[in-house]
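Take this structure first; my questions come after.
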Amino acid sequence: MTWQPAPADPWVRDVNRGAVPLLSDEYGPPLDADDLLGEARARTGLDDFGDFDGGGFEEPLRVLVRALETEGRLNLLGRYEVRQQILRLLEVRLHLARYLGDDPGVLDEPIDAPLFVTGAPRTGTSILHALLSRDPANRVPESWEFLRPVPPPDPATRDTDPRIALVTRELRLTAMIAPGFDAMHERGARMPKECISAQAIAFRSEDFPGKFRVPSYAAWLASCDMGPAYRAHRVVLQVLQRRTGSAGRRWVLKAPPHLGTLDALFATYPDARVAVTHRDPLKVLGSLGSLLATIHATHSDAVDAPELAGTQVDFYADVLARYTTLRRDGKADPAVFHDSHYADFLTDPLGTVEALYAHFGLPLDDGARAAMAAYLADRPRGKHGAHSYALGDFGLDAEALRPRFADYQAYFAVPEEGGRA
């Protein structure tokens, strides 16, 4: 049986069939990069998009917009959402360029020994990142900070910043459109956010293929220099800490795609430390296929689930193979990496965190440990419902797939998981 999206609410069907004329008139016309650039300038009253990432953002922007228009199969809500996202990113670039012009010293802000959480998606990266955010010694970016970083948060008003409400509306739209989405991947303005959102400011980010069908953009992204994406990411961190400094707190960051771009990561953050999570790749692919198909279905009425899942098989087979080679061939200092298993995290999450801290020589006091335990107690598995999926829903066969990941599983001793999720 092929995956099918859950039935949409009546209001979603009405909007996408054009029953709301104002929306259909505004968001029905084709996307155009020059129009988006002009609208961002008009909205902000600013003109300089800056070159703080040193890579030129217009080429990937145009590749992305062309792919969205010719390959995206967007419905009306999809057009609305991607247009708003691109405009937000362009406005953030304009504001960042203005902020750096007014305060060039921000580029001297040190980002010392950041800790990156990565691994294939659905391997526990999000819950590990959330647990690490409970330690007051860690500085974890919240969604509203990565999506709207300028001006830097004011410690006196950080909990009431009006940008929180703006980002809440943006992030919750997917959950409003897709029934059961929170059971797969809860999102909120005050929750930790993945680095791909900051990298998107350079328009070099897996955030776009994760939401939309853009194969030509994905191919361009796979072969491009990711240095600009990491430089944009660093500038965002520097801005976010401008009013608070870095003394006594370390940045703890997270995104699965980091595992495939470690060269660019270390070029930007030479003293970075990397925590890698591992899980049976076949469980990863089933869960990821379900998540991405659901997200894509909020933007398109013509989601090809087997095609989408197939791209993830190829992507992560390559990423995991390259990481295995990197570690086995001794091309990287093993002290820089900490590897953990999803199965161990399920049975002893605090033990996994303690092992990570011990590996990197970081202190973990009783207060931080208690805060992490309280966080886990408040978020039992299945709090938002069950997430069910099967490889067969996406045209994938376990026996055919297993050999592609055998070397990775053997090297990192990743156990197979039996049964249906």
(message) Using a strict threshold of under 4.0 Å (side-chain N to carboxylate O), is an ion pair present between R327 and D339?
(response)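 Yes, D339 and R327 are salt-bridged.
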
(request) Measure the spacing between CZ of R43 and CG of L94 and express it to the nearest 0.5 Å. (result)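 Between atom CZ of R43 and atom CG of L94 there are 11.5 Å.
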
(message) Could you check whether R402 pairs with E416 (Lys NZ or Arg NE/NH1/NH2 to Asp/Glu carboxylate O, under 4.0 Å)?
(response)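 Salt bridge: yes.
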
(request) Grab the two heavy atoms, one from P121 and one from L288, that are nearest each other, plus how far apart they are. (result)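 Minimum heavy-atom separation between P121 and L288: CB-CD1, 3.8 Å.
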
(message) Nearest 0.5 Å, please: how far is CG in L96 from CG in L89?
(response)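 Between L89 CG and L96 CG, I get 10.5 Å after rounding to 0.5 Å.
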
(request) Scan residues 306-332 for pairs that pass ring pair (Phe, Tyr, Trp, His ring centres under 6.0 Å), counting only residues two or more places apart or in two chains. (result)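 Residue pairs with at least one partner in residues 306-332: Y323-F337, Y323-F412.
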
(message) Any carboxylate oxygen within less than 4.0 angstrom of a Lys/Arg side-chain nitrogen, looking at D135 and R250?
(response)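 R250 and D135: salt-bridged.
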
(message) On a heavy-atom basis, which atom in S290 and which in F394 lie closest, and how many Å separate them?
(response)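 For S290 and F394, the tightest heavy-atom pair comes out as N-CZ, 3.2 Å.
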
(message) Would you say the rings of Y217 and F212 are close, in the sense that their centroids are separated by under 6.0 Å?
(response)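 Distance test on ring centres: not under 6.0 Å, no.
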
(request) Can you sort out the partners of R404 under salt bridge (Lys or Arg N to Asp or Glu O under 4.0 Å), two or more places apart, ordered by chain and number? (result)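 R404: salt bridge (Lys or Arg N to Asp or Glu O under 4.0 Å) contacts with D314.
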
(request) Identify which one of R163, K193, R158 satisfies the salt bridge (Lys or Arg N to Asp or Glu O under 4.0 Å) criterion when paired with E142. (result)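 Among R163, K193, R158, the one meeting salt bridge (Lys or Arg N to Asp or Glu O under 4.0 Å) with E142 is R158.
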
(message) Whether D159 and R190 form a salt bridge (side-chain N of Lys/Arg under 4.0 Å from carboxylate O of Asp/Glu) is what I want to check.
(response)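 Salt bridge between R190 and D159, a charged N being under 4.0 Å from a carboxylate O: yes.
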
(message) The criterion is ring pair (Phe, Tyr, Trp, His ring centres under 6.0 Å); which residues satisfy it with F146, sequence neighbours excluded?
(response)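 Only H233 meet the ring pair (Phe, Tyr, Trp, His ring centres under 6.0 Å) criterion with F146.
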
(message) Which residues pass the side-chain contact (heavy atoms from CB on, under 4.5 Å) test with A113, not counting sequence neighbours?
(response)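 Per chain and number, A113 pairs via side-chain contact (heavy atoms from CB on, under 4.5 Å) with D271, R273.
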
(message) Between the side chains of R328 and D407, is the shortest nitrogen-to-carboxylate-oxygen separation below 4.0 Å, so that they form an ion pair?
(response)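 The answer is yes: the pair qualifies as a salt bridge.
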
(request) Sequence neighbours left out, what passes salt bridge (Lys or Arg N to Asp or Glu O under 4.0 Å) with R169? Give chain and number order. (result)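 So R169 forms no salt bridge (Lys or Arg N to Asp or Glu O under 4.0 Å) with any residue.
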
(request) Taking side chain to side chain donor-acceptor pair (under 3.5 Å) as the test, write out the residues that go with T118, two or more places apart. (result)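 In terms of side chain to side chain donor-acceptor pair (under 3.5 Å), with neighbours along the sequence ignored, T118 is linked to no residue.
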
(request) Considering non-hydrogen atoms only, spot the tightest contact between A130 and P192 and give its length. (result)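 Taking A130 first and P192 second, the nearest heavy atoms are CA-CG, 4.1 Å.
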
(message) What's the separation between atom CG in L364 and atom CZ in R369, rounded to the nearest 0.5 Å?
(response)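 Result: 4.5 Å between the selected atoms.
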
(message) Can you tell me how far apart OG (S197) and CG (L147) are? Round to the nearest 0.5 Å.
(response)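 Here the interatomic distance stands at 5.0 Å.
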
(message) Looking at F52, I'd like to know if the NZ or CZ of R93 sits under 6.0 Å from its six-membered ring centre while staying within 45 degrees of the ring's axis.
(response)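 Relative to the ring axis of F52, which defines the angle, R93 lies inside both limits.
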
(message) Run the ring pair (Phe, Tyr, Trp, His ring centres under 6.0 Å) test against H95 and tell me which residues pass, sequence neighbours left out.
(response)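 By the ring pair (Phe, Tyr, Trp, His ring centres under 6.0 Å) rule, H95 matches no residue at all.
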
(request) Quick one: which residue pairs count as a ring pair (Phe, Tyr, Trp, His ring centres under 6.0 Å) with a foot in residues 122-145, not counting sequence neighbours? (result)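 Residue pairs with at least one partner in residues 122-145: there are none.
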
(message) Restricting to salt bridge (Lys or Arg N to Asp or Glu O under 4.0 Å), what partner residues turn up for R322, sequence neighbours left out?
(response)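 Partners of R322 by the salt bridge (Lys or Arg N to Asp or Glu O under 4.0 Å) criterion, ordered by chain and then number, come out as D318.
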
(request) Compare all side-chain heavy atoms of V319 with those of Y408 and state whether any distance is below 4.5 angstrom. (result)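 No - every pair of side-chain heavy atoms lies 4.5 Å or more apart.
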
(request) Could I get the full list of ring pair (Phe, Tyr, Trp, His ring centres under 6.0 Å) partners for Y230, not counting sequence neighbours? (result)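 Y230 satisfies ring pair (Phe, Tyr, Trp, His ring centres under 6.0 Å) with H258 once adjacent residues are dropped.
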
(message) Restricting to salt bridge (Lys or Arg N to Asp or Glu O under 4.0 Å), what partner residues turn up for D108, sequence neighbours left out?
(response)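 If we apply the salt bridge (Lys or Arg N to Asp or Glu O under 4.0 Å) test to D108, skipping adjacent residues, there are no hits.
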
(request) Return the set of residues passing side-chain contact (heavy atoms from CB on, under 4.5 Å) with R13 (not counting sequence neighbours), or none when no residue passes. (result)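 Result, side-chain contact (heavy atoms from CB on, under 4.5 Å) vs R13: A8, P10.
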
(request) Find the distance between CD (Q241) and CH2 (W251) and round it off to the nearest 0.5 Å. (result)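 The distance works out to 6.5 Å.
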
